[in-house]
Protein chains: 2
Amino acid sequence: MTTAVAGKKTAGAGKSPSAKGKGGARVTARSQERRELILDAAEELFALHGFDGVTLRQIANQAGVDVALTSYYFGPKLELFDAVLQRRGEILNRARLDALRAAEEEFAPEPPPIEKVIEAFLRPLEIAQETEDRGWRNYCALIAYVNNSPVWGEKMISKHFDKLVREFGDAMHRCFPKASAKQIYWCYHNLSGALSLTFADTGRIDHLSRNACQSHDFQSAYDCMIPFMAAGFREVCGG
Amino acid sequence: MTTAVAGKKTAGAGKSPSAKGKGGARVTARSQERRELILDAAEELFALHGFDGVTLRQIANQAGVDVALTSYYFGPKLELFDAVLQRRGEILNRARLDALRAAEEEFAPEPPPIEKVIEAFLRPLEIAQETEDRGWRNYCALIAYVNNSPVWGEKMISKHFDKLVREFGDAMHRCFPKASAKQIYWCYHNLSGALSLTFADTGRIDHLSRNACQSHDFQSAYDCMIPFMAAGFREVCGG
DNA sequence: GTCTATAGCGAGATAGAC
DNA sequence: GTCTATCTCGCTATAGAC
């Protein structure tokens, strides 16, 4: 079940180290590296300040590349934003889906307990966030921001996540066949909201709780969240 | 328990209809009205696009006043933002606290059931959101945005809400005296996250659920949320 | 493939006329 | 109390030199 979601450098799809004889290989590898640097910087800054709170100059500066390169590689600002969401979104969704399938096979032909479905939704994130590089945490904070935005949530989150969430909605419904779709999706909504706030990692819970909790302690957040959400589902959806 | 949180025009503290003889009264009343118009416009636009996604010109335009007036009344952009948060924050927090006190008195000397504490946290919002004017909904969407922002959440939400949330944290702890502060606050975190996503009103749950749910249907959201969260608290905090 | 230079625009803030 | 006019700054995007 250790679905590989993390890797030191989030593997840029097909690196192709020798991309056509001569000295072109060297240059292309360097380009790929720079693309990743730009994405890393954009990811972090967008997560902190939102789409409009960041300039291409800041991104280029933090990435250590020239401003013009951001446009050269990614086109307009909005397409860079989309590229950031896409990069890790694909990896994450694949890992979540694998985890869900594994849980369902384990208990087939019965549906798995709701805890297992929730875990399949969360566990790949946990693994990703424990990596030493900050990329996944930045990505998650960006998702938190986008998910709670009336304008970005609709167009961007839906584009990258609807297909996956429907799979999980169906799986949850199989756990509680007598529940209505309305009950299932409002319960999912509760899970999604709590998860988003965890991603945001605002540091607020730290001083609210007088340091009993730390907002970067995702492990504790999930340890609480899984039984909490499972109990909520059972209460509302029966079973 | 019908703590008055809503009112057609969210009563600007002390309107003082005759503010010093002559014709000055007329002018002052007009100023107050314009201040409210600016706050209303800022509230809506900040909620949709965030602090950096909105210009003072857009705000003034939507409010139907001159750009220069925004600076004249509220100073720099950031202070306008803060004024927006403050206006309804005070009213809301007072109503929540009243509801909490009422619930505690009802069951004294025992602590009230956790449902009642959660209700005291949510109910004033429900009342506010059912008003015909869109102001409270915009305010809530803005809170959702700010609450999930690593940079604004820390400085702005803490400033306006920490005192109140601590009161609720204490009340929750009295419901589960054997639980640790860590458990209580991670559970509160789950509630806060789900509530934020509800506030955001992104319309996403609508097509995720194929219209089984509507994101503007706060009533249904709360009807699910209260038993869901209560069950979660009991599971994690015991009792 | 990379970077310099700049076009073209619109922002926040304010001085001073009315 | 209000608004016109403007100052100064920084943005995105791109054309063209290297």
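Below, each value reflects all heavy atoms present in this structure, side chains not excepted, and no hydrogens, waters or symmetry copies.
Distance NZ (A/Lys77) to P (D/dA13): 8 Å, rounded to an integer number of Å. Atoms CZ (B/Arg57) and P (D/dC3) sit 15 Å apart, rounded to a whole Å. Atom CZ of B/Arg35 is separated from atom C1' of D/dG1 by 13 Å (rounded to the nearest Å). B/Gln58 places its CD atom 18 Å from the P atom of C/dC9, with the value rounded to the nearest Å. Atom CZ of B/Phe74 is separated from atom P of D/dT2 by 12 Å (rounded to the nearest Å). Between A/His49 atom NE2 and D/dC11 atom C1' the separation is 17 Å, expressed in whole Å. Protein atom OH of B/Tyr73 is 8 Å distant from nucleotide atom P of D/dC3, rounded to whole Å. Taking atom OH on A/Tyr72 and atom C1' on C/dC3, their separation rounds to 12 Å, with Å as the unit.
A salt bridge does not link A/Arg123 with A/Asp98: none of the charged nitrogens is closer than 4.0 Å to a carboxylate oxygen. Ion pairing between a basic and an acidic side chain is recognised when a charged N comes within 4.0 Å of a carboxylate O; A/Glu36 and A/Arg87 show such pairing.
With sequence neighbours left out, A/Phe46 forms a ring pair (Phe, Tyr, Trp, His ring centres under 6.0 Å) with A/Phe51, A/Phe81. Listed by chain and residue number, B/Gln86 satisfy the side chain to side chain donor-acceptor pair (under 3.5 Å) test with B/Glu90 (two or more places apart in sequence, or in another chain). Remark: A/Tyr139 pairs with A/Trp136 by the ring pair (Phe, Tyr, Trp, His ring centres under 6.0 Å) rule, at least two apart or across chains. Scored by the side chain to side chain contact (heavy atoms under 4.5 Å, CB included) test, B/Ala171 finds B/Leu100, B/Glu104, B/Val117, B/Arg174 as partners (sequence neighbours excluded).
Contacts classified as side chain to side chain donor-acceptor pair (under 3.5 Å) and involving residues 74-83 of chain B (residues at least two apart or in different chains) are given here: B/Asp82-B/Lys159, B/Asp82-B/His160. Here salt bridge (Lys or Arg N to Asp or Glu O under 4.0 Å) pairs that include residues 195-205 of chain B, with residues two or more places apart or in two chains, are A/Asp162-B/Arg204, B/Arg137-B/Asp201. Residue pairs meeting the salt bridge (Lys or Arg N to Asp or Glu O under 4.0 Å) criterion with at least one partner in residues 48-72 of chain B, sequence neighbours excluded, are absent.
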Identify each atom pair where a protein N or O and an N or O of nucleotides 16-18 of chain D are less than 3.5 Å apart, giving names and distance.
none

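Only A/Asp66, A/Ala68, A/Leu69, listed by number, bring a heavy atom of residues 60-71 of chain A to less than 4.0 angstrom from any atom of DNA chain C.
Judged by atom type and distance alone, A/Arg30 does not reach the base of C/dG1 through any side-chain donor-acceptor pair under 3.5 Å.
Residue A/Arg34 places at least one side-chain N or O under 4.0 Å from the OP1 or OP2 atom of C/dT2.
The side chain of B/Ser31 lies closest to D/dT2, out of C/dG1, D/dT2, D/dA13.
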